[in-house]
Amino acid sequence: MNRVKTAAEVMAIMETLAPAALAESWDRIGLQIGDPAQPVKSVLLVLDVTPQVIARMNELPFDMIICHHPAIFNPLEHLRLDDPQQNLLIELAGRKISVLAAHTNLDAAPGGVADVLAEQIARAAVGLINPAGENGLGESLSDIHTEYFPVTATDEARKYGRLINLGCPVSLQQLTGRIKRDLRSGACRLNTDCDRPVARLAIFPGSFPGEAAADLILAKADCLICGEYKYHDGLAIGLSGVAAVGIGHDSSEQVVLLPLAEKLAGKLPELTFAVSPGMDYNKIAF
C-alpha cells in the first residue's frame, strides 16, 4: 500500500520544477494556506483562486490547490468575512485545503510558462508554414529555433522572454488568428492595423515589462507576442517598427497548467491532478 503523501512532498517536487530562487524578491510564493504535514490525495491546478474554483471543489473534492497568481499578495491587516477575497481564504483554511503559489519562479523555470508559451506559439506558426505538419513536431518544427535573450539584455527579458526564429516569414494577421484559435484566446489586441510578414518573434507570458522594449530592437524582433502590454508601451514599440500582439494575460499563462499537471503526476503517481480552465476573461471583451 502506498504511503499517504503530504503537502510538504508536493512542495518538494514543485521546488524541483520551479525553484523558489527564481522568484522575484517582491513575489509571494510557496505554501500560503495550510500545513506542510497535511495529507494530500488530490490537487487542483489553477491560475487564480476564485469563487468558480471553490464551486468546482464542491463538486469534486481536492485537498490542495496549486495556483499561479498568489492567493495572498499584499499583507493582510485583518481577516473579515465581509471582504470577498478574505472570505475565500477563510473558507479554504476552514476546509483544510492547502494553497501553494508558484508565480514568477514558474514563469522563468525551464519548462515553465515562458518555455511552454514559446512552444505553443511555434506550433501555431507550423500550421502556417507547413499545414501538413501542424499535428506533429516532425521536420516542420526543426527549422523553428527558440532561444533566450542575450546576456546584454535586461533581467526581465533574460528571465521571461524567449525569441523564436521561424523558418520563413508568415503573415501577422494569419499568425494572430492561428494563436487566437490554438490558445483559445477570446480576443487579441494589436498595436497596428497593417498586416506584415514576421519571422522573428519575441515571446513574453503575462504582462510585458515596458523596460524590456529596447531589448526587442536589439534582438531584431519583428513581433512581440505577450499576454498584455500597456497602451503607451504598445505605441512606443510600434514606432520602433515592432508589431505587438496581446493574447490575453490568462491565455498566455493557462498553457502551463496541463504540462505541469502531467509532470507532477509522473513524479507523484499516487495523487490525482486536475486542471481548472478558470474564467475566460477575454469572453467579456467586445
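Only this structure's heavy atoms are used, side chains among them; waters, hydrogens and symmetry mates stay out. Because the structure is predicted, anything quoted here is derived from the model rather than measured.
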Go through the steps for Ser207 and His249 under the test side chain to side chain contact (heavy atoms under 4.5 Å, CB included), then give the verdict. CA-CA 7 Å; Ser207 299; His249 193 115; 3.4 Å; yes
Any link between Tyr148 and Ile203 through a network of hydrophobic side chains (Ile, Leu, Val, Met, Phe, Trp, Tyr) touching at under 4.5 Å? no
If you count every heavy atom of other residues, nucleotides or ligands that lies below 6.0 Å from Arg95 atom CZ, does the total exceed 12? yes
Taking Val116 as the starting point, is it possible to reach Ile225 by hopping between hydrophobic residues whose side chains are less than 4.5 Å apart? yes
Given side chain to side chain contact (heavy atoms under 4.5 Å, CB included), test Ile144 with Ile164 step by step and report yes or no. CA-CA 7 Å; Ile144 297 181; Ile164 295 178; 3.5 Å; yes
Looking at every heavy atom in both Val49 and Val46, which two are closest together, and how far apart are they? N-CG2, 4.3 Å
Without hydrogens or angle criteria, can the side chains of Ser98 and Gln38 be said to hold a donor-acceptor pair below 3.5 Å? yes
What's the spacing between Glu91 CD and Met57 CE if we round to 0.5 Å? 9.5 Å
Is the closest side-chain heavy-atom distance between Val10 and Leu271 below 4.5 Å? yes
Does Leu166 belong to the same Ile/Leu/Val/Met/Phe/Trp/Tyr cluster as Leu224, with side-chain heavy atoms less than 4.5 Å apart forming each link? no
Side chain to side chain contact (heavy atoms under 4.5 Å, CB included) between Val53 and Asp48: does it pass, once the steps are laid out? CA-CA 8 Å; Val53 170; Asp48 304 280; over 6 Å; no
Going from CZ on Arg178 to CD1 on Ile121, what distance comes out if it is rounded to the nearest 0.5 angstrom? 12.0 Å
Could you tell me whether a side-chain N or O of Arg189 sits under 3.5 Å from a main-chain N or O of Ala187, the two making a donor and an acceptor? no
Under the side chain to side chain contact (heavy atoms under 4.5 Å, CB included) test, which residues partner Leu235, sequence neighbours left out? Tyr231, His232
List the residues meeting salt bridge (charged side-chain N to carboxylate O under 4.0 Å, His left out) with Asp193, not counting sequence neighbours, and say none if there are none. none
Whether Glu147 side chain and Leu163 backbone form a donor-acceptor pair below 3.5 Å: no
Ignoring hydrogens, what is the shortest heavy-atom contact between Leu47 and Leu257? Give both atom names and the distance. N-CD1, 3.9 Å
In one Ile/Leu/Val/Met/Phe/Trp/Tyr side-chain cluster, 4.5 Å: Leu218, Tyr160: no
Asp27: what forms a side chain to side chain donor-acceptor pair (under 3.5 Å) with it, not counting sequence neighbours? His103, Thr104
Between Val245 and Leu172, the two heavy atoms sitting closest are CG2-CD1, 3.9 Å
Are the side chain of Ser240 and the backbone N or O of Ala236 linked by a donor-acceptor pair below 3.5 Å? yes
Would you check if the side chain of Glu59 reaches a backbone N or O of Arg56 as a donor-acceptor pair within less than 3.5 Å? no
Is there side-chain contact between Leu17 and Leu264, with heavy atoms separated by less than 4.5 Å? yes
Can you tell me how far CD1 of Ile33 sits from CD1 of Ile65, rounded to the nearest 0.5 angstrom? 7.5 Å
Tell me yes or no: between the side chains of Ser171 and Gln173, is some donor less than 3.5 Å from an acceptor? no
Going by salt bridge (charged side-chain N to carboxylate O under 4.0 Å, His left out), name the residues that satisfy it together with Glu262, two or more places apart in sequence or in a different chain. none
Closest non-hydrogen atom pair between Lys263 and Gly111, with its separation: NZ-O, 3.3 Å
Less than 4.5 Å apart, any side-chain heavy atom of Leu45 and any of Ser276? no
Considering non-hydrogen atoms only, spot the tightest contact between Asn191 and Val242 and give its length. ND2-O, 3.2 Å
Heavy-atom check, side chain of Pro70 versus side chain of Gln32, under 4.5 Å: yes
In Ile54, Leu92, Leu44, the residue satisfying side-chain contact (heavy atoms from CB on, under 4.5 Å) with Ile97 is Leu92
Main-chain N/O of Gln85 paired with Asp83 side-chain donor or acceptor, under 3.5 Å: yes
Contact check, side chains of Asp63 and Val43, non-hydrogen atoms, under 4.5 Å: no
Aromatic ring proximity, centroids under 6.0 angstrom, Phe204 and Phe149: yes
Check the pair Leu175 / Leu201 against side chain to side chain contact (heavy atoms under 4.5 Å, CB included), numbers first and verdict last. CA-CA 11 Å; Leu175 178 61; Leu201 314 177; 3.9 Å; yes
Does one side chain, of Asp182 or Gln120, offer a donor that lies under 3.5 Å from an acceptor on the other? no
Under 3.5 Å, is there a donor on one side chain and an acceptor on the other for Asp107 and His68? yes
Calculate, to the nearest 0.5 Å, the distance between atoms CD1 and CD belonging to Ile179 and Gln174 respectively. 12.0 Å
Is a side-chain N or O of Asp215 found less than 3.5 angstrom from the main chain of Ala157, in a donor-acceptor match? no
Minimum heavy-atom distance Cys226-Ser252, with the two atoms named: C-CB, 4.5 Å
Residues which pass side chain to side chain donor-acceptor pair (under 3.5 Å) with Asp155, listed by chain and number, not counting sequence neighbours: Arg158
Should Glu24 and Lys159 count as an ion pair when the cut-off is N to O under 4.0 Å? yes
Could you work out, with side chain to side chain donor-acceptor pair (under 3.5 Å) as the rule, every residue matching Arg196, not counting sequence neighbours? Thr192
Atom CG of Asp250 and atom CD of Glu253: how far apart are they, to the nearest 0.5 Å? 8.0 Å
Are any non-hydrogen side-chain atoms of Pro51 and Leu88 less than 4.5 angstrom apart? yes
Taking everything shown except Gln86 itself, do over 12 heavy atoms lie less than 6.0 Å from its CD? yes
If you group Ile, Leu, Val, Met, Phe, Trp and Tyr by side-chain heavy-atom gaps below 4.5 Å, do Val256 and Ile29 land in one group? no
Can you confirm whether Leu183 sits close enough to Leu117 that some side-chain heavy atom of one is under 4.5 Å from a side-chain heavy atom of the other? yes
Can you measure from CD1 (Ile66) to CD1 (Ile13) and round to the nearest 0.5 angstrom? 10.5 Å
